[in-house]
Number of protein chains: 2
Amino acid sequence: MKVSHEVSALRQRFPDLVFEAGCPSRVLLDHVMSKWSPLVLLALAEGGTLRWSELRRRAEGVSEKMLAQTLRTLVDDGLVAREAHPVVPPHVDYALTPLGRELTDLLSPLMVWAFDHAGAILGVEPPPARRD
Amino acid sequence: MKVSHEVSALRQRFPDLVFEAGCPSRVLLDHVMSKWSPLVLLALAEGGTLRWSELRRRAEGVSEKMLAQTLRTLVDDGLVAREAHPVVPPHVDYALTPLGRELTDLLSPLMVWAFDHAGAILGVEPPPARRD
DNA sequence: GGAAGTACCCACTTTGAAGTAAGGTACCCA
DNA sequence: TGGGTACCTTACTTCAAAGTGGGTACTTCC
């Protein structure tokens, strides 16, 4: 039984109460699930090594500030590796670390699932006859 | 190759740009990754059918307002089923729908991963000698 | 009659994430 | 001399999510 297996893995980590706000896993999840992180991570999962300007193009709509902030967080967390070449004009490469790859391997099925079900779930918001 | 397979599944859905803000998958992801949704979903994955008061206890720190709001969203999205028994005092049961179970099957490995790596990742924030 | 229990809703305030706009560096080329 | 390129940073503003503190309904028990 796959489900029971999943649940037991959960149980080991979150005994009775699940996990309180502010605990490390929440913080990490917040990093990973911030507005632009998934886009950056998936872009790197798809595209391999990418430079700053290429990431800006792929994460459509991201501002320079948010891209910098997102990348900084991911680099600090050890999920993305940053390699700056000392040339002019600047050339900086970003790529997933092995840890980052572990993450995207778990993250992308979730994104694919969300993509596949989003229309049905959000489109068919059943008429709000919810009240008892 | 597992990774290539994942990536090709991604590619099919997010051709060159990944996906713009405001698209349905973002909205769904935001629902699922809001502050309390993962706790509620995992609590239901672990605990099966739970009633309101039990959920309040498990999602340590949640306010009544936020629990109500979170549950309402999840119910509207068809991830959680709500069953109100017409007794006094009120008795309302919540449980995952099959769709919700699909989600938690993808979500819980991510949470487990986050739990296992959070300490190392956040604790070892390497001394900020990041600048070139 | 009034307190207690359960599952909520509503109005207001606070917080923090994201957006905007502007500047900054370091070098090359015209 | 003064653009132009690529990679950022900082200061200020905005806005939605979350928090706070109340209220409600219905019935049973004391």
Side-chain angles (χ1 to χ4, degrees), chain A residues 20-22 26-40 43 49-77 80-95 128-132, chain B residues 20-23 26-40 43-44 49-77 80-95 128-132:
Chain A
E20 56 237 270
R26 281 308 302 222
V27 176
L28 180 54
L29 257 296
D30 285 349
H31 288 187
V32 168
M33 278 293 145
S34 67
K35 181 158 183 185
W36 298 105
S37 290
L39 271 72
V40 169
T49 297
L50 297 175
R51 51 193 299 195
W52 166 275
S53 45
E54 181 60 20
L55 281 168
R56 267 216 81 185
R57 226 168 312 125
R58 298 220 185 193
E60 207 206 13
V62 72
S63 67
E64 298 199 323
K65 176 198 153 190
M66 287 316 294
L67 181 55
Q69 197 177 103
T70 301
L71 282 169
R72 160 122 66 150
T73 303
L74 295 174
V75 169
D76 285 352
D77 286 352
V80 167
R82 174 181 190 276
E83 189 183 1
H85 305 282
V87 297
V88 163
H91 182 137
V92 183
D93 283 326
Y94 294 92
R130 270 182 346 84
R131 299 270 98 248
D132 314 322
Chain B
E20 55 238 273
C23 71
R26 282 305 306 216
V27 176
L28 180 53
L29 256 297
D30 285 349
H31 287 187
V32 168
M33 277 294 146
S34 67
K35 183 160 182 184
W36 298 106
S37 290
L39 272 72
V40 169
L44 292 172
T49 297
L50 297 175
R51 51 192 300 194
W52 167 275
S53 46
E54 181 60 19
L55 280 168
R56 268 216 80 185
R57 226 169 309 126
R58 299 220 183 193
E60 207 207 12
V62 73
S63 68
E64 299 199 325
K65 176 198 155 191
M66 288 315 295
L67 181 56
Q69 197 176 103
T70 302
L71 283 170
R72 159 124 64 152
T73 302
L74 295 175
V75 169
D76 285 351
D77 286 350
V80 167
R82 175 181 189 275
E83 191 185 0
H85 305 281
V87 297
V88 164
H91 182 136
V92 181
D93 283 327
Y94 293 93
R130 268 182 347 83
R131 301 269 98 249
D132 316 322

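Throughout, protein chains are lettered first and strands after them, A, B, ... in sequence-line order, and every chain is numbered starting at 1.
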Mind calculating the distance between [atom1] ([X]) and [atom2] ([N]) to the nearest angstrom?
X: Arg26(A); N: dA18(D); atom1: CZ; atom2: P; answer: 9 Å
X: Arg72(B); N: dC8(C); atom1: CZ; atom2: C1'; answer: 10 Å
X: Gln69(B); N: dC8(C); atom1: CD; atom2: C1'; answer: 13 Å
X: Leu67(A); N: dT20(C); atom1: CG; atom2: P; answer: 15 Å
X: Arg56(A); N: dA6(D); atom1: CZ; atom2: C1'; answer: 11 Å
X: Asp30(B); N: dG16(C); atom1: CG; atom2: P; answer: 19 Å
X: Met33(B); N: dA18(D); atom1: CE; atom2: P; answer: 13 Å
X: Arg57(B); N: dG5(C); atom1: CZ; atom2: C1'; answer: 13 Å

Counting only side-chain heavy atoms from C-beta out, which of [options] sits nearest to [X]?
X: Lys65(A); options: dA18(D), dT20(C), dC8(D); result: dT20(C)
X: Trp36(A); options: dC8(D), dA18(C), dA6(D); result: dA18(C)
X: Glu64(B); options: dC9(C), dC7(D), dT5(D); result: dC9(C)
X: Pro89(B); options: dC9(C), dG19(D), dT6(C); result: dT6(C)

Subject >> Matching residue for His31(B) among Asp76(B), Thr73(B), Asp77(B) - test: side chain to side chain donor-acceptor pair (under 3.5 Å) >> reply: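 Only match with His31(B) under side chain to side chain donor-acceptor pair (under 3.5 Å): Asp77(B).
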**OP:** State which residue, out of Leu74(B), Val40(B), Leu44(B), fulfils the side-chain contact (heavy atoms from CB on, under 4.5 Å) condition with Tyr94(B).
**Re:**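 Only one of Leu74(B), Val40(B), Leu44(B) forms a side-chain contact (heavy atoms from CB on, under 4.5 Å) with Tyr94(B), namely Leu44(B).
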Original post:
Hey, are Glu54(A) and Arg51(A) close enough for a salt bridge, meaning a charged N less than 4.0 Å from a carboxylate O?
Top reply: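 A salt bridge is absent here (no side-chain N lies under 4.0 Å from a carboxylate O).
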Is the phosphate of [N], meaning OP1 or OP2, less than 4.0 Å from a side-chain N or O of [X]?
X: Ser34(B); N: dA17(D); result: no
X: Lys35(B); N: dG19(D); result: yes
X: Tyr94(B); N: dC8(C); result: yes
X: Arg51(A); N: dC7(D); result: yes

Original post:
Taking the nucleotide of DNA chain C with the closest heavy atom to each, which residue, Pro90(A) or Met66(A), is nearer the 5' end?
Top reply: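 On the 5' side of the pair lies Met66(A).
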Original post:
Mapping Val88(A) and Ser63(A) to their closest nucleotides on DNA chain C, which lands nearer the 5' end?
Top reply: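 Result: Ser63(A).
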Subject >> Non-hydrogen side-chain atoms of Leu55(B) and Leu71(B) separated by less than 4.5 Å >> reply: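 Yes, close enough: below the 4.5 Å cut-off.
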Original post:
Is there side-chain contact between Asp93(A) and His91(A), with at least one heavy-atom pair below 4.5 Å?
Top reply: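 A side-chain contact exists here, since the closest heavy-atom pair is under 4.5 Å.
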Original post:
What does dT20(C) pair with, Watson-Crick or G-U, if both distances are under 3.5 Å?
Top reply: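 For dT20(C), the partner nucleotide comes out as dA11(D), under the 3.5 Å rule.
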